[in-house]
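Report on the following structure.
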Amino acid sequence: MNKTPGATLRVRNLSKNYGDGPVLDRLSFEVPAGETLAVIGPSGCGKSTLLLLLANLETPSTGTVLHGESPLPVPGAGSGDTAVILQDYGLFPWKTVEDNLTLPLRLRGAPTAERRERGAAMLAELGLAGLERRYPAQLSGGQRQRVAIGRALITEPDVLLMDEPFSSLDALTRERLQRVVLDLWRRRRPTCVLVTHNVEEAVFLGRHILALGGKPARQRLWLENPCFGETDCRKESRRFSLMRQVRAALAAREDADSETGSGSGPEGSGGGRTASRAGNDTPRQDMEEDAPCAG
Ligand code: ADP
Ligand code: MG
């Protein structure tokens, strides 16, 4: 398999207007190769739109998304270097677990023996061994989600884009799968963008965190996350203070947006810069708030 070397994902001055008004306003940030970014924001703020733009499945109104020097290949277009997990998992109900999982290999012309072998390895890795002949309707939500994750990872993509992949799962399954994804990421190191509306999830899985807010959505906060992947309960207070910071950014008033322009600007990928004076505002209560120790 020809794999291109990892490259930085560069977003410059990215805006999207669907026709009935702007949705995203001049986003600029970078995700270094092999790192993860969690994008967080309230429902309807444009997170899925951003993910589709990153995946080259939507066209920007202004600005660019580059992987190294070129746009990302459209997922499924043959190269297999980008994988996307959409919000509804996107499994084919008439295909078995094994066929769903190995579909990307089939699309790339991999021989049956290779598909079987890599499919079995991925099923084992995800704790799905024994379920290969089942259909999606015969699986639990968590099992379906694991198949979707496995299907995204089976080609060992350079870039993995995930849209709220854990949002419909119960808390325990979600935590388990978050760790599965973190483990897989640690072993394969794709450049990863995770969309979420869950602050705790963003802090657990985002090496970088981007908070979006306002209409149109702008960058409210960009930070490098010292608590990324952390499961040590003794460091709870550091994690809670970070979560407070993210919640405050999400709660920042509209007028804070207009005072600070379009967030962290074209060079906004630097570490630890905030895009608003969010710290003085009251955190909103409507973001998910289950905060058990992940360890
Ligand atoms: P989120 O994922 O944060 O919930 P979305 O990106 O799905 O937000 O949607 C952001 C806004 O863009 C919403 O107002 C939504 O109605 C609108 N929108 C999303 N997709 C389209 C589309 N294809 N055509 C027109 N408007 C859209
Ligand atoms: Mg969405």
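Atoms within each ligand, like the ligands themselves, are counted from 1 in listed order. These figures come from a predicted structure and were not determined experimentally. Heavy-atom basis, side chains included; hydrogens, waters and symmetry copies ignored.
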Answer yes if a protein heavy atom lies under 4.0 Å from atom 16 (O) of ligand 1, otherwise answer no.
->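 Under 4.0 Å from atom 16 (O) of ligand 1, zero protein heavy atoms found.
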Can you pull out the closest protein heavy atom to [atom]? Residue, atom name and distance to 0.1 Å, please.
atom                    : answer
atom 9 (O) of ligand 1  : Thr49 OG1, 3.9 Å
atom 24 (N) of ligand 1 : Tyr18 CD2, 3.5 Å
atom 8 (O) of ligand 1  : Gly46 N, 3.1 Å
atom 13 (C) of ligand 1 : Gly44 O, 3.8 Å
atom 7 (O) of ligand 1  : Ser48 CB, 3.7 Å

Taking both backbone and side-chain atoms into account, decide whether Thr49 has an N/O/S atom under 2.8 Å from the Mg ion (ligand 2).
-> no
With side chain to side chain donor-acceptor pair (under 3.5 Å) as the test, would you mind laying out the steps for Tyr18 and Ser61 before giving the verdict?
-> CA-CA 8 Å; Tyr18 277 120; Ser61 301; over 6 Å; no
Any donor-acceptor pair under 3.5 Å linking the side chain of Thr64 with the backbone of Asn13?
->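 A pair under 3.5 Å: no.
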Is [X] atom [atom1] crowded by more than 12 heavy atoms from other residues, nucleotides or ligands, each under 6.0 Å away?
X      : atom1 : answer
Arg116 : CZ    : no
Arg106 : CZ    : no
Gln138 : CD    : yes

So, for Trp185 and Phe204, is the gap between ring centers shorter than 6.0 Å?
-> no
Sub-6.0 Å ring centroid separation between Phe29 and Trp222 =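 Between Trp222 and Phe29, which both carry aromatic rings, the centre distance is below 6.0 Å.
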Going by the order shown, which atoms of ligand 1 are within less than 4.0 Å of some heavy atom of Ser43?
-> 4 (O)
Quick one: which ligand 1 atoms are inside 4.0 Å of a heavy atom on Pro42?
->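 Listed by number with element, the hits are 3 (O).
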Check if Gly19 has a non-hydrogen atom at a distance under 4.0 Å from any atom of ligand 1.
-> no
Gly41 near ligand 1 by a heavy-atom separation under 4.0 Å | no
Ignoring angles and geometry beyond distance, decide whether Asp20 reaches within less than 3.5 Å of ligand 1 through its nitrogen or oxygen atoms.
->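 No, since none of the N or O atoms of Asp20 sits under 3.5 Å from an N or O of ligand 1.
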Picking from Arg151, Arg133, Arg115, what satisfies salt bridge (Lys or Arg N to Asp or Glu O under 4.0 Å) with Glu98?
->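 The passing option is Arg133.
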